[in-house]
Amino acid sequence: MSFFGTGARAPAPSGVPDQGRLMEAQMELEAVSDLFNRIVSSCHAKCISTRYAEAELNKGEGVCVDRCVAKYFAANEVVQERLQKAQGGGSVGGL
């Protein structure tokens, strides 16, 4: 079983890394990091005041961030579904 959706592969010889899997892992890490950074940037700008009065988020800011992240993932899901339909039902990788 593969974490990256490529199916089962024959194990690489001992001590030799599978270059295909390493590339897939690197691409997945970059995609997740990019998604995280875009969410942080967008939700921070929308929800958190530039005038920091406290070290912790207040209740309103916390609720706003929760909703912002939920909306970001919901919108991402809709975009993926539309891309899959546009590509004739093929699978779309990534987040």
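Quick caveat: nothing in here was measured; it's all calculated off a predicted structure. Counting from 1, the numbers follow the sequence of the chain as shown.
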Using a 4.5 Å cut-off between side-chain heavy atoms of Ile, Leu, Val, Met, Phe, Trp and Tyr, which other residues end up in the same hydrophobic cluster as Val40? Phe36
Work out which heavy atom in Cys47 is nearest to a heavy atom in Val65; give both atom names and the distance. SG-N, 3.6 Å
For the CG atom of Leu22 and the CE atom of Met27, what is their distance to the nearest 0.5 Å? 12.5 Å
Considering residues at least two apart in sequence or located in another chain, which fulfil the salt bridge (Lys or Arg N to Asp or Glu O under 4.0 Å) criterion with Asp34? Arg38
Separation of Phe73 CZ from Ile39 CD1 (nearest 0.5 Å): 4.0 Å
Would Leu57 end up clustered with Tyr52 when hydrophobic side chains under 4.5 Å apart are linked, directly or stepwise? yes
Working for disulfide bond (SG atoms under 2.5 Å apart), residues Cys43 and Cys64: CA-CA 8 Å; Cys43 294; Cys64 181; over 6 Å; no
Do the side chains of Tyr72 and Val63 join up, straight or via other hydrophobic residues, at under 4.5 Å, putting them in one cluster? no
Rounded distance (nearest 0.5 Å) linking atom CD of Gln19 with atom CD of Gln26: 10.5 Å
For residues 58-71, which residue pairs pass the side chain to side chain donor-acceptor pair (under 3.5 Å) check, not counting sequence neighbours? none
